[in-house]
Amino acid sequence: MGKKTTVKEGNLVIVESPAKAKTIEKFLGKDYVVKSSYGHIRDLSKSDFGVDLKNNYQPDYIVSNDKKEVVKELKDLAAKSETVWLASDEDREGEAIAWHLYEVLGLKDDNTKRIVFHEITKEAIQKAVKNPRGIDFNLVNAQQARRVLDRLVGFELSPVLWRKVKPSLSAGRVQSVAVRLLVDREREIFNFKPVSSYRVTALFEVKDDKGKVTQLKAELNKRFKTLEETQAFLQECADAQFKVSKVEKKPLKKSPAAPFTTSTLQQEASRKLGFSVSQTMSVAQKLYEAGKITYMRTDSVNLSELALNMASSMISDKMGDQYVQIRNYKTKAKGAQEAHEAIRPTYLDKETVSGTNQEKKLYELIWKRTIASQMADAQLEKTVISIDAGSTGEKFVATGEIIKFDGFLKVYIESTDTEGEQEDDKDVLLPPMSEGDILGMLNVEARQRWSQKPPRFTEASLVRKLEELGIGRPSTYAPTISTIQNRGYVEKEDREGTERVYKYLHVTSGAKVEVSDKTEITGAERAKLFPTDIGMVVNDFLVKYFENIVSFDFTAQVEKEFDEIAMGNVTWNKSIDEFYKPFHDKVEETLETSEKSTGERILGEDPATGKPVLVRIGRFGPMAQIGESSEESEEKPKFASLRKGQHIETITLEEALDLFKLPRTLGEFEDKVVVIGIGRFGPYIRHDGKFVSLKKGEDDPMEIDLDTAILRIKTKREEDAKKMIKVFDEEPDLQVLNGRWGPYIKYQKKNYKIPKDKVAEELSYDDCKQLIADQDKGGGKKTTAKKKTTTKKTTAKKTTTKKATATKKKTTKK
DNA sequence: CAGTGAGCGAGCTTCCGCTTGACTT
């Protein structure tokens with residue numbers, strides 16, 4: 001063998017994910033090198049849409065900087081290999097990845113093979129290798145159409161928003177519909193008028209054969225509309241005879257839920273473990289990389305043959321044969337592409353794993369759900385007992401369920417989103433009773449209840465809705481939720497409930513009905529998604545001018561078109577052209593004719609000046625304004641920002657006028673004025689150039705008096721004194737302080753860490769200077785490194801710092 | 001922990017889907 005002749009030998013297999021590559025390499029043996037493309041290797045350039053509008057929408061693809069290294073490695077390996085196997089996923093995106101690889105790596109037909117498998121088992125992979133095919137260009141074109149359409153929609157609509165609403169905003173096929181769902185729901189809630197009715201329950205005494213007494217709770221089978229009716233009925237009950245009129249027993253069966261997909265995992269992890277969707281994904285990623293679960297971005301509910309066998313033997317060993325029931329689940333999700341298995345443990349005999357608490361919990365959830373999905377139905381018996389209430393003609397009903405055979409319930413019960421206003425009557429064993437039995441009444445009570453407003457979305461329930469509409473993909477649910485929050489369209493928040501008074505009626509046998517007022521907390525929300533004013537204005541704008549794009553079935557419609565392209569019935573650029581021409585005209589028309597959209601609402605007149613009071617979106621967010629700026633009058637309008645929790649759509653004239661009462665001067669303390677105001681971080685006291693926050697829940701900025709304010713200033717001073725560990729005479733700007741995360745050094749407005757082996761109190765001036773120099777040097781290196789990298793990276797950096805400050809705010813709020 | 005506003009000058013922002021890391025607090 002001469003040195004310069006390149007001998008091509010061996011096989012290069014390219015998959016999308018590096019963890020997958022590792023597993024597959026084991027199955028294929030020595031002759032195969034398995035590498036990963038890390039997803040797509042190139043994308044549309046960002047200049048001029050990345051699409052040539054004059055040349056049949058020709059895409060301009062470029063390999064981004066962070067992919068250059070991967071591409072180079074793959075190119076080198078491909079050149080040396082005898083055969084290159086493109087093993088990206090078996091779906092539209094996967095096919096496109098294969099094609100991009102083919103193009104960018106300069107592959108040739110005669111030594112390139114396209115293979116697919118949708119489960120990572122030895123059999124599946126060997127079978128795939130035996131059945132190679134070529135690249136499916138129809139499918140690739142369907143992906144190009146998808147990509148180009150999303151680019152055109154996003155990059156044409158967003159600039160319209162910059163001009164007509166506010167800079168830096170965004171719109172897109174997926175995110176804009178997500179926001180619309182939230183805005184629509186918020187308005188439904190706003191317009192919702194709760195209706196009250198009275199729910200009546202009774203407590204009876206039941207004696208069994210042996211004379212043992214048990215209690216039985218039953219609910220009246222109707223609700224009364226008015227207090228009078230309810231009171232009259234309860235009074236009748238006081239002297240009524242209660243007789244069992246019917247005892248009905250019905251068998252009932254419950255079936256397990258399908259194995260996890262990305263979306264159902266996100267929902268259950270949210271309900272059962274309180275995880276956010278991004279949390280779920282990053283914990284799942286860890287489990288996947290450690291080889292503990294299968295791939296976590298999937299829309300498939302299928303389990304491999306191998307997994308089914310494992311489940312079957314696991315269940316029969318552990319619980320017995322009668323618990324095994326192997327099932328095939330069908331996906332219900334619109335547009336599912338099912339390139340992978342469902343999410344399941346790699347080894348079903350492992351009930352738990354090592355790792356962080358979160359990893360353990362999520363793994364256990366996946367294990368239980370997977371096992372339960374292959375278990376027998378639960379057999380239950382439902383008992384319904386009807387009890388006549390004297391001669392009133394009304395019936396009380398008691399229901400109970402007993403489990404005859406637990407089946408899958410032994411390991412897993414699916415949660416629901418319904419929040420528990422209704423008490424749980426289930427799993428109640430009813431005392432034995434027969435028709436004609438007379439029951440002793442202990443008491444009858446009634447309480448006023450209100451119909452429930454539609455529920456606000458959580459991250460997870462929004463994902464479920466999007467999936468239902470076929471909008472977005474498993475890999476984008478979590479990022480979409482982040483995007484709409486980062487753009488300021490949506491906020492995830494807790495809301496405290498408000499007190500509500502309800503009527504409570506109570507009567508015992510033979511007595512007189514007592515009526516009283518009780519209070520309950522209602523409307524409390526935890527980690528719910530609230531649309532912001534900007535979100536609402538942007539949504540209204542898009543609905544008004546681009547209804548078809550933000551309609552709930554836009555994605556479904558274009559998916560149909562993509563399917564046609566994938567089947568070879570339609571040419572992709574032609575299809576894009578049919579969409580783009582009218583769309584672009586509409587964009588042009590909107591730019592020319594539409595007014596700037598600020599969500600302006602006139603609330604009324606300012607009683608002091610008679611000028612109009614209005615609210616709208618300003619350059620810095622939602623604001624209130626008294627008077628209009630006009631050319632005739634020199635007088636400028638007055639401005640005030642809306643406060644947290646206030647919204648353009650719901651704020652009243654009174655609330656808006658209150659905003660202008662601040663800042664207000666309380667008086668003087670130590671010869672300096674004391675001023676109350678409201679800033680970005682809530683209400684504050686300003687005195688002698690310093691700021692002190694008001695006490696939450698105790699101080700009202702409109703009410704607080706000078707004495708209380710002075711008290712707050714003094715306590716703040718004490719706290720500050722405690723905070724200070726050391727100051728140096730050499731430089732008063734250099735301080736050692738006690739912060740929330742322990743001691744730190746502050747110098748020229750920057751903070752520096754103190755290494756764990758140093759004691760804060762013992763640091764000398766020189767020690768501090770040294771630490772600052774060290775850390776500045778480290779930081780300096782980093783910043784120069786960052787400057788060298790691409791613009792893409794710096795923007796990514798920006799968003800992460802934004803996120804960091806956002807979480808900061810939240811923690812201080814607590 | 002620190003921080004507590006605000007109208008013409010320049011250029012930027014933006015999409016959806018595949019994939020992982022690299023960043024702090």
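Small disclaimer: the values here were computed from a predicted structure and weren't measured. Chain A is the first sequence line, chain B the second, and so forth, proteins listed ahead of strands; every chain is numbered from 1. Side chains included, hydrogens not; waters and symmetry mates left out as well; all remaining heavy atoms used.
Of all the heavy atoms in A/Ser300 and A/His340, the pair that sits closest is CB-O, 3.0 Å. For A/Val177 against A/Arg173, the heavy-atom pair with the smallest separation is CG2-O, 3.3 Å. Closest heavy-atom contact between A/Ser37 and A/Glu16: OG-CA, 3.9 Å. Taking both residues in full, the closest heavy atoms of A/Ser170 and A/Gln175 are given as OG-OE1, 2.8 Å, listed atom of the first, atom of the second, then distance.
Distance CG (A/Leu642) to C1' (B/dA6): 14 Å, rounded to an integer number of Å. Regarding A/Ile484, its CD1 atom lies at a distance of 16 Å from the C1' atom of B/dT14, rounded to whole Å. In this structure, A/Phe155 atom CZ and B/dC12 atom C1' are separated by 12 Å, rounded to whole Å. Rounded to whole Å, the distance from CZ on A/Phe554 to P on B/dC16 is 11 Å. Rounded to whole Å, the distance from CE on A/Met623 to C1' on B/dG5 is 12 Å. One can place NZ of A/Lys638 at 17 Å from C1' of B/dG5, the figure rounded to the nearest angstrom. For A/Tyr684 and B/dG3, the OH to P distance is 14 Å, given to the nearest whole Å. Atom CZ of A/Arg686 is separated from atom C1' of B/dG5 by 12 Å (rounded to the nearest Å).
Within the nucleic acid shown, A/Leu169 comes within 4.0 Å of sugar-phosphate atoms alone, with no base atom in reach, counting heavy atoms only. Counting any heavy atom pair closer than 4.0 Å across all strands shown, A/Ala96 reaches no nucleic acid atom. In this structure, A/Gln175 reaches the sugar-phosphate backbone alone: every heavy-atom distance under 4.0 Å involves primed, P, OP1 or OP2 atoms, never a base. Using a 4.0 Å heavy-atom cutoff across all strands shown, A/Thr483 reaches sugar-phosphate atoms only and no base atom.
You'll find that the side chain of A/Ser170 is closest to B/dT14, out of B/dT4, B/dT14, B/dG5.
Annotated as syn: B/dC8, whose O4'-C1'-N torsion sits within 90° of 0.
A side-chain hydrogen bond (donor to acceptor under 3.5 Å, both in side chains) with A/Tyr61 is found for one member of A/Arg147, A/Gln144, A/His40 and no other, namely A/Gln144.
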Can you tabulate the close N/O pairs, meaning under 3.5 Å, that link protein atoms to atoms of nucleotides 17-21 of chain B?
{"unit_1": "B/dG17", "atom_1": "OP1", "unit_2": "A/Arg173", "atom_2": "NH2", "d": "2.8"}
{"unit_1": "B/dG17", "atom_1": "OP2", "unit_2": "A/Thr476", "atom_2": "OG1", "d": "3.0"}
{"unit_1": "B/dG17", "atom_1": "O4'", "unit_2": "A/Arg146", "atom_2": "NH2", "d": "3.2"}
{"unit_1": "B/dC18", "atom_1": "OP1", "unit_2": "A/Arg473", "atom_2": "NE", "d": "3.2"}
{"unit_1": "B/dC18", "atom_1": "OP2", "unit_2": "A/Ser475", "atom_2": "OG", "d": "2.8"}
{"unit_1": "B/dC18", "atom_1": "O3'", "unit_2": "A/Glu16", "atom_2": "OE1", "d": "3.2"}
{"unit_1": "B/dC18", "atom_1": "O2", "unit_2": "A/His40", "atom_2": "N", "d": "2.6"}
{"unit_1": "B/dT19", "atom_1": "OP1", "unit_2": "A/Tyr295", "atom_2": "OH", "d": "2.3"}
{"unit_1": "B/dT19", "atom_1": "OP2", "unit_2": "A/Tyr295", "atom_2": "OH", "d": "2.6"}
{"unit_1": "B/dT19", "atom_1": "OP2", "unit_2": "A/Arg297", "atom_2": "NE", "d": "3.0"}
{"unit_1": "B/dT19", "atom_1": "O5'", "unit_2": "A/Tyr295", "atom_2": "OH", "d": "3.4"}
{"unit_1": "B/dT19", "atom_1": "O4'", "unit_2": "A/Gly39", "atom_2": "N", "d": "3.4"}
{"unit_1": "B/dT20", "atom_1": "OP1", "unit_2": "A/Ser17", "atom_2": "OG", "d": "2.4"}
{"unit_1": "B/dT20", "atom_1": "OP2", "unit_2": "A/Gln285", "atom_2": "NE2", "d": "3.4"}
{"unit_1": "B/dT20", "atom_1": "OP2", "unit_2": "A/Arg297", "atom_2": "NH2", "d": "2.7"}
{"unit_1": "B/dT20", "atom_1": "O5'", "unit_2": "A/Gln285", "atom_2": "NE2", "d": "3.4"}

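A/Arg151 forms a cation-pi arrangement with A/Phe155, by the criterion of a distance under 6.0 Å to the ring centre and an angle within 45° of the ring axis.
With respect to A/Arg146 and A/Glu559, no salt bridge is recorded, no charged nitrogen being found less than 4.0 Å from a carboxylate O. A salt bridge links A/Asp89 with A/Lys20: the closest approach of a Lys/Arg side-chain nitrogen to an acidic carboxylate oxygen falls below 4.0 angstrom.
Taking atom C1' in both B/dA2 and B/dT25, one finds a spacing of 14 Å when rounded to whole Å.
Residue whose closest nucleotide on DNA chain B sits further toward the 5' end, between A/Phe691 and A/Gly154: A/Phe691.
Considering only heavy atoms from C-beta on, A/Ile343 stays 4.5 Å or farther from A/Thr261 through its side chain.
Helical stems of DNA chain B (runs of at least 3 Watson-Crick or G-U pairs, donor-acceptor distances under 3.5 Å) are absent.
In this model, no donor atom of one side chain and acceptor atom of the other lie less than 3.5 Å apart for A/Glu341 and A/His118.
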